[in-house]
Amino acid sequence: MEKLFQKISLSSATLVLVLLLGIFTTLFISAKPAVEAFGLQFITDQRWNQEIPLIESSDTVIEDSDDAIIADEDDEDMILDEDDEEDAATKTVFGGLVPIIGTLLSTLIALLFAMPIAMGIAVFLAEIASKNISKFVGMAIELLAAIPSIIFGMWGLYYFAPLIADTFGGYQVSLLTAGLVLGVMILPFMAAVTRDSMNTTPDVLKESAYALGATKFEVVKDIIFPYSKTGIIGSIILALGRALGETMAVAFLIGAVYSLPDKITDPTISIPVAMAVNFGEASGLGESALFYLGLILFVMSFAVISFAKFYFLKRGNA
Amino acid sequence: MPVMKIKNFSFTYAGVEAPSLKNITLPIEKNQITALIGPSGCGKSTLLRSMNRIHDLYPGNKYDGKINLLDLETGKYNNILAIKKENEFIQLRQQVGMIFQKPTPFPMSIFDNVAYGLKIAGIKNKTELSDRVEASLKGSALWKEVHDRLGKSAMGLSGGQQQRLCIARAVAVKPEVLLFDEPTSALDPISTGAIEELIVELKKDVSIAIVTHNMQQASRISDYTAFMYLGDLIEYDKTENIFLNPKEKRTEDYITGRFG
Ligand SMILES: Nc1ncnc2c1ncn2[C@@H]1O[C@H](COP(=O)(O)OP(=O)(O)OP(=O)(O)O)[C@@H](O)[C@H]1O
Ligand SMILES: [Mg+2]
């Protein structure tokens with residue numbers, strides 16, 4: 001019985017690893033044409049789906065394989081006869097800079113917006129509010145965390161976006177709108193987890209500080225925050241992971257245009273949105289470029305989560 | 001002369017019908033050690049925690065009677081049960097410090113632990129801070145063991161060292177009264193001995209009230225002993241009288257181990 005149980009749990013654990021590797025491999029294989037065509041320059045290139053004459057852009061083309069040269073999107077393996085179509089020879093370039101920047105900036109705005117508010121809510125719930133209020137508000141916040149993201153997207157588009165445009169000027173759908181709604185989305189989770197870790201601070205520890213003449217503010221700042229630091233940082237990193245990958249809410253709000261924003265009130269696009277919006281009609285190198293974007297997002301999220309995990313592990317053993 | 005005069009004091013926890021302390025009248029003598037003894041649940045901690053009003057961190061408790069604290073500067077007594085404002089609470093807790101059953105080092109360095117009370121009291125001068133930290137650590141017999149690692153986390157100390165650190169931290173703010181709630185019950189005999197010595201040493205500077213379940217400890221270190229039972233103060237006297245010829249039958253039964 002014991003043996004069987006061990007085997008089952010071992011194979012489930014292996015399955016997870018296989019899945020992870022499998023997803024990575026599939027992503028990589030599908031992204032490979034784009035990776036070969038654009039290399040790491042993909043990350044710094046802001047052109048998406050732009051046709052450019054072959055000759056002028058020779059600097060980016062020369063070392064590339066024939067895969068990069070597409071005349072007809074339906075057949076990426078077709079090799080052009082350059083002698084016949086010298087003037088008409090063009091290639092389409094894809095660069096990931098705009099969605100990468102869009103993802104990073106919208107996540108950053110979300111974090112900057114959500115963090116102080118989440119901390120404030122957590123302090124209120126853990127230390128200031130009476131038990132009943134804390135329970136009630138805490139429950140409301142947990143419910144808020146359960147709202148599907150598409151609802152946040154619709155709410156953001158109809159009520160929040162006009163408000164933002166009125167207050168800050170600029171477009172209704174923009175980096176700022178997307179970032180702020182993203183912030184609202186990750187806020188409940190952050191607040192709830194932060195409150196939970198603050199609640200792990202032993203009462204005697206707080207009482208010891210009060211018994212030295214500390215004020216509530218000093219107890220929060222000097223005792224509770226340092227004590228629950230690990231949990232708080234963990235909640236921020238997990239929220240970051242969620243914000244990086246969020247698709248639906250952002251798709252409604254970021255504008256989905258491939259241009260670098262000059263101001264934060266400009267529309268742009270993020271990686272998940274680029275993938276969701278373009279997959280339908282993408283094919284050939286375009287499709288592969290989307291997979292390349294996916295790969296980058298995968299690596300970004302993976303890095304964030306593993307950082308969080310290692311951080312926890314290190315702290316846990318100390 | 002008592003530093004604290006508890007008069008007809010009753011205490012009821014929030015949401016509880018019956019009072020946990022009933023009509024307690026008891027002095028805490030200046031520069032003496034007063035031990036509070038009695039069976040579990042008799043209200044020793046409740047009484048101790050009333051003396052710096054740490055109870056007030058949790059709302060809804062009811063106080064009755066008076067607890068008068070001597071103001072060393074003016075020689076007058078102030079009723080600490082009348083305190084309502086936060087700055088008065090802060091002042092009270094700087095005058096009446098508390099050490100708990102389990103050591104409670106803060107998540108910071110050894111130095112910062114001891115300096116904490118001073119810093120929040122507004123002392124910023126670096127030399128004054130380090131002088132007083134050193135003096136408190138020496139006074140708590142911890143200096144020799146930690147002087148070369150003041151910057152290290154206090155969590156790395158042993159249980160006994162942590163408890164002495166907590167005492168140093170409480171002593172640093174120069175309180176009038178120190179309240180100890182079973183300060184050695186989580187410690188080994190050697191650490192317990194060190195803490196007992198330290199407490200006796202401290203009474204030169206502060207008045208002490210200590211809750212203990214250890215009869216030997218009470219008789220070894222205290223000058224006065226109060227025996228409590230089910231929320232009542234049964235007997236209060238010089239420690240030798242309580243242990244050698246108690247007036248109450250229940251006191252005698254308790255200290256001879258017949259119940260409790
Ligand atoms: N927070 C509380 N709310 C309600 N009742 C409480 C609370 N804390 C303690 N009591 C009750 O008050 C009475 C006195 O408790 P207290 O902790 O003062 O006892 P004690 O003498 O310190 O006991 P011990 O030796 O076990 O520490 C007990 O009956 C206890 O159940
Ligand atoms: Mg107790």
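Letters A, B, ... are given to chains in the order of the sequence lines, protein chains preceding strands, and every chain is numbered from 1. Predicted model, so just to flag it, every value in this text is computed and none were measured.
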Item to check | B/Phe106 side, atom CZ; A/Leu212 side, atom CG - distance, nearest 0.5 Å | outcome: 5.0 Å
Checklist entry - Looking at A/Ala211, A/Pro202, A/Pro226, which one has more heavy-atom pairs under 4.5 Å with chain B than the rest? => result A/Ala211
Checklist entry - Looking only at heavy atoms, what is the nearest atom pair of B/Arg49 and A/Glu207, with distance? => result NH1-OE1, 2.8 Å
Checklist outcome for this item: Contacts satisfying salt bridge (Lys or Arg N to Asp or Glu O under 4.0 Å) that involve residues 178-187 of chain B (not counting sequence neighbours) are none
Next on the checklist: A quick test of your reading: do over 12 heavy atoms of other residues, nucleotides or ligands sit less than 6.0 Å from CZ of A/Phe302?
Outcome noted: no
Item to check | Euclidean distance, A/Leu205 CG relative to B/Phe100 CZ, rounded to 0.5 Å | outcome: 9.5 Å
Checklist entry - Looking at A/Gly213 and B/Gln94, what are the two nearest heavy atoms and their distance? => result CA-CG, 4.4 Å
Checklist entry - Does A/Met154 CE have over 12 foreign heavy atoms under 6.0 Å away? => result no
Checklist entry - Is there any residue in residues 110-137 of chain B with a non-hydrogen atom under 4.5 Å from a non-hydrogen atom of chain A, and which ones are they? => result B/Tyr116, B/Gly117, B/Ile120
Checklist outcome for this item: Max heavy-atom pairs within cutoff under 4.5 Å with chain A, candidates B/Arg53, B/Arg93, B/Glu86, goes to B/Arg93
Checklist entry - Given a strict heavy-atom distance threshold of 4.5 Å, which part of B/Pro175 is in contact with chain A: side chain, backbone, both, or neither? => result neither
Checklist entry - For A/Ser130, is it the side chain, the backbone, both, or neither that has a heavy atom closer than 4.5 Å to a heavy atom of chain B? => result neither
Checklist entry - When you look at NZ of B/Lys203, are more than 12 heavy atoms from neighbouring residues, nucleotides or ligands closer to it than 6.0 Å? => result yes
Item to check | Spatial distance of atom NZ (A/Lys216) from atom CG (B/Leu57) [nearest 0.5 Å] | outcome: 8.0 Å
Next on the checklist: Using heavy-atom distances under 4.5 Å, tell me whether B/Arg169 contacts chain A through its side chain, its backbone, both, or neither.
Outcome noted: both
Item to check | Closest non-hydrogen atom pair, B/Met108 against A/Ile223 | outcome: CE-CD1, 4.3 Å
